[in-house]
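Sequence lines set the chain letters: A, B, ... in the order given, protein chains first and strands last, and positions in each chain run from 1. Remember, it's a predicted structure, so these values are computed and weren't measured experimentally.
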Amino acid sequence: MKYVVLIAGYPEGVDWDEMTADDRQVYLDRHQAFADTCRGRDGVEIRAGEALGDGSMATTLRTSHDGTVTMTDGPFAEAAEHIGGFYLLEVPDLEVLTEICSILPPYILDLRPVIDVG
Amino acid sequence: MTSADHLAGPALELAWREHWGRLVAVLIGEFRRMDLAEDALADAFTKATVRWPIDGVPDNPAAWLRTAARRRLLDMLRADAVAGRKQQLLVVEAQASQAMGASPDVVPDDRLRLLLLCCHPAIGVEAQAALALRLVLGISTAEIARLFLLADATIGARLTRAKRKIAGAGVPFALPPPDQLQLRVDTAVRTVYLAFTAGYAPGEGPDLLRADLAGEAIRLARVLDELVPDHAPVRALLALMLFQHARRDARVRGDDLVLLADQDRRRWHHDEIAQARGLLAAVPPADGVTEELRLQAMIAELHATSPDAAATDWTSIAGHYARLETLTGSPVVRLNRAVAVAEVSGPAAGLAMLEGLTVALARSHRLPAVRAELLLRAGDTTGARRELLDAIERCRNDAERRHLHRRLDIVSATPR
């Protein structure tokens, strides 16, 4: 199955902006370990993964049938403000996904299955 | 719509009890569709109620039901394909799909896999229990609704949502990795206890207790105990269920309910009580689910080991209930605590504890029933009568309602 893992926030009391350089290095190292684990595991693949600019950089666009496009200051949803990044992963199931995500540094993650709308 | 009430004969009832969960598991393993597996099996049972009385009971009822359910499921899949409906398939571990080749009689592990699938933490807690009761034990949606004090439609929607979530979110039909097993078993423990309660005190229909269903829940707990030996919550759960189940023969006289105080204690299964005491003695004080179960088992033990009703150690029982209430915040626990407190300190103290339960227990007949008994003891027959009428109106178990009617007759005959 394909999943988007949304990095939806930090646990209580953890804040990237407040972290020391060493703490940040731990986060980066854990992401590297996560990537290494995925590479070494059968049926698991990282299709994409990026860190995202915060909500203050977001722009909301409303598209329509008649071609009208309305742009407003973003982000659209309150929760989206905190989404700091994502991975697009190919894994066998939720159990394996949970196991490999436990390698990531402390976050609150939203695991969203990718669905086939065709 | 399959439930014990609708089955034709004892053979069907036996097949339903023995094979429902196993067959659901086998069908899910093969076809990877939870929704269709349950519907197809229900249809197979309906077909059996028509065919078996005519053709006779097949030599291997489980195999007959499986064949009928498979055929029905293949029809359903064909209909889905024709209509262009696409459904998310369940992720199934290779081992589980292999089990379909074996006889349903020799794949007990599939029920465990099914139970742990139902109790997956990605599913909401209430949905977990409803799902396990429906899929593993085959209990009707209506009966599950009664257990949760909710409307049928609410439970139906909850079950549908849960099944969709399991397939959609990629929850696999697989045994959890070893380091996750204990956590998953703890979740299942709660669910099994709910299943036991359904057998121990059916809220609907003519039966006062369904000892078989309670026995089935005990068997589920024994499977868990086998898989994860010496696991405190499973042991506490088993002890609790054995204490309660040991009273089954004395709880009913004819079609009538016999209150704990009036039960013939010689008819309790004292071998089971002894076994339960052995299990409970090995469970140390804990927290969370284990402590909840341990406290309840300790209460059951005090009842089970008291030589007669008058000798019951109500002070200790009230103390255990107080700790249980702190732990759970449950209105049902408070109701039981009120009964124990009334035994220790009199009806007024018990009645005071019932304050504030009206909303939380708006659909339960036990609140007005308890209130009636306490009012009666306090000498308020008018109040007792009013509460009994309310309880009778709410009660959906025939035997319990008859008991309430008898109490009403006694109260009505009492001079004011």
Contacts with chain A made by residues 163-171 of chain B (heavy-atom distance under 4.5 Å), listed by residue number: B:Ala167, B:Gly168, B:Ala169, B:Gly170, B:Val171

Pair B:Gln182, B:Asp186: side-chain N/O donor-acceptor within cut-off below 3.5 Å: no

Residue pair A:Asp66 / A:Ser64, side-chain donor-acceptor N/O under 3.5 Å: yes

A:Tyr10/A:Met19 under side chain to side chain contact (heavy atoms under 4.5 Å, CB included): CA gap, chis, key distance, verdict: CA-CA 12 Å; A:Tyr10 293 97; A:Met19 274 184 220; 4.3 Å; yes

Intermediate values then yes/no, side chain to side chain contact (heavy atoms under 4.5 Å, CB included), A:Tyr87 and A:Tyr3: CA-CA 8 Å; A:Tyr87 281 108; A:Tyr3 291 88; over 6 Å; no

Parallel, tilted or perpendicular: rings of A:Tyr107 and A:Tyr27 (30°, 60°): perpendicular

Contacting moiety of B:Gln180, where chain A heavy atoms sit under 4.5 Å: neither

Heavy-atom neighbours of B:Asp179 CG exceed 12 at 6.0 Å: yes

